[in-house]
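To keep things clear, I will list the structure first and then write my remarks on it.
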Protein chains: 2
Amino acid sequence: MFSKACEYGIRASMYIALQSLEGKRVSLKEIAEEIDSPVAFTAKILQQLSRNKIVDSVKGSAGGFQIEKEQIKKIKLSEIVYAIDGDNVYVGCGLGLKKCNANKPCPVHDKFVAIRDNLKNMLESASLQEMTEGLEVGTTYLKR
Amino acid sequence: MFSKACEYGIRASMYIALQSLEGKRVSLKEIAEEIDSPVAFTAKILQQLSRNKIVDSVKGSAGGFQIEKEQIKKIKLSEIVYAIDGDNVYVGCGLGLKKCNANKPCPVHDKFVAIRDNLKNMLESASLQEMTEGLEVGTTYLKR
DNA sequence: AGAAATTCGGATAAATTTATCCTGTTTATG
DNA sequence: CATAAACAGGATAAATTTATCCGAATTTCT
Ligand code: FES
Ligand code: FES
């Protein structure tokens, strides 16, 4: 569904959001530990997220990553996915034709579009804030 | 969503089904041309489909691939996907945790499961037969 | 029987994704 | 000001997926 990079990116954003809500800034090392991801690869992804203004990075000693509380409410999963995987989730054809195109549809087009729209709505409505709620009360997890 | 191999596999199966309904057996070369896929790679995928009894292959001159008419009615897209991509569509977690697990769910679990079930139902209900109907009348396409 | 058309399967190569390493820069702190 | 902690970014490596090549086996047709 999503690339590994994107999965790590989402999990990392969720963890940063969770800690930012408590006023804590977190280091790359801590993030990678808490979401069970490879450190250096996660660094690359966080750079992307930082460039895309999804997370704030602070250099230097006592630096790390954080997300402003206002942003945590506003940022939707769709923005994270877009920053890392681009728009292929939205424009891709289920059977791999160049782009999904209703004028020359593949045989699964109608059914696939329904599923994709479903996914799209989910991603566009789910905020980081919403995602952290289960983490706070311990009903959802970022690693096992 | 699906691997390239799987996309080619689905498109190839659809083309073979389309021709089989007219009593025609088709060669690898023709298939690859008609679905716009790399010949040798498509050969590998057809081998897999053949081993999984999704298509019949006939060796030798005038050989090629075909699917029995009875089978065209019965075979669902889910079987093709399973033969090539395995069950990761069904058991995978949206955020990349080892396996989707309702007992220790990731933050998107509930929403993701809904989408996945949607996809699953689609794949399990769509038969090759149904897929060929649009191709026959020219309202759907396997390449552009 | 011989030639041609075709799939099968193993080996290999190219491309992409995932992951690591290392050096440089920034910044808090003592 | 020196040091240590931390991110940034380029180069590189490993793993996986995608793709190609080629010889062998099978079958039809002349
Ligand atoms: S054309 Fe294939 S999904 Fe729209
Ligand atoms: S645990 Fe992540 S989708 Fe079910």
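Below, read A as the first sequence line, B as the second, and so on, with proteins coming before strands; counting in each chain starts at 1.
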Do you know which of A:Leu18, A:Ile80, A:Ile16 makes side chain to side chain contact (heavy atoms under 4.5 Å, CB included) with A:Leu128?
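For A:Leu128, the side chain to side chain contact (heavy atoms under 4.5 Å, CB included) check succeeds only for A:Ile80.
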For residues A:Lys143 and A:Glu33, report the shortest heavy-atom separation together with the two atoms involved.
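Smallest heavy-atom distance, with atoms named: NZ-O, 3.3 Å.
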Report the nucleotide, chosen from C:dA19, C:dG9, C:dT20, that has the shortest atom-to-atom distance to any side-chain atom of A:Lys4.
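Side chain of A:Lys4 sits closest to C:dA19.
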Would you mind telling me which of C:dA19, C:dC8, D:dT18 lies closest to the side-chain atoms of B:Phe65?
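Output: C:dC8.
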Quick one, B:Ile72 and B:Ser127 - any side-chain contact, counting heavy atoms below 4.5 Å?
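No, side chains not in contact.
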Write down the distance between [atom1] ([X]) and [atom2] ([N]), rounded to a whole number of angstrom.
{"X": "A:Arg11", "N": "C:dT18", "atom1": "CZ", "atom2": "P", "answer": "13 Å"}
{"X": "B:Ile45", "N": "D:dT18", "atom1": "CD1", "atom2": "C1'", "answer": "9 Å"}
{"X": "A:Lys44", "N": "D:dG10", "atom1": "NZ", "atom2": "P", "answer": "8 Å"}
{"X": "A:Glu7", "N": "C:dA19", "atom1": "CD", "atom2": "C1'", "answer": "15 Å"}
{"X": "A:Phe41", "N": "D:dA15", "atom1": "CZ", "atom2": "P", "answer": "15 Å"}
{"X": "B:Leu49", "N": "C:dG9", "atom1": "CG", "atom2": "C1'", "answer": "16 Å"}
{"X": "A:Arg51", "N": "D:dC7", "atom1": "CZ", "atom2": "C1'", "answer": "12 Å"}
{"X": "B:Leu46", "N": "D:dA19", "atom1": "CG", "atom2": "C1'", "answer": "15 Å"}

Is the phosphate of C:dA19, meaning OP1 or OP2, less than 4.0 Å from a side-chain N or O of A:Tyr8?
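Yes, A:Tyr8 has a side-chain N/O under 4.0 Å of OP1/OP2 on C:dA19.
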OP1 or OP2 of C:dG9 sitting under 4.0 Å from any side-chain N/O of B:Gln47?
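It does, given that an N or O in the side chain of B:Gln47 lies less than 4.0 Å from OP1 or OP2 of C:dG9.
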B:Lys111/A:Glu130 under salt bridge (charged side-chain N to carboxylate O under 4.0 Å, His left out): CA gap, chis, key distance, verdict:
CA-CA 12 Å; B:Lys111 296 181 178 196; A:Glu130 184 187 345; 2.7 Å; yes
Which ones in residues 22-39 of chain B lie close to DNA chain D, meaning a heavy atom under 4.0 Å from one of its atoms?
B:Pro38
Check each residue of residues 54-63 of chain B for a non-hydrogen atom within less than 4.0 Å of any atom in DNA chain D, then write out the ones that pass by number, or none.
B:Lys59, B:Gly60, B:Ser61
Nearest 0.5 Å, what's the CG-CG distance between B:Leu77 and B:Leu123?
6.0 Å
I need the B:Ser3 OG to B:Asp85 CG distance, nearest 0.5 Å.
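The OG atom of B:Ser3 sits 3.5 Å away from the CG atom of B:Asp85.
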Give a yes or no on whether A:Met1 and A:Tyr90 share a hydrophobic cluster (residues Ile, Leu, Val, Met, Phe, Trp, Tyr; joining criterion: side-chain heavy atoms under 4.5 Å apart).
yes
Quick test of your reading of the model: are A:Glu79 and A:Lys76 salt-bridged, counting only N-O distances below 4.0 Å?
no
Charged N to carboxylate O below 4.0 Å: is that the case for B:Glu68 and B:Lys53?
no
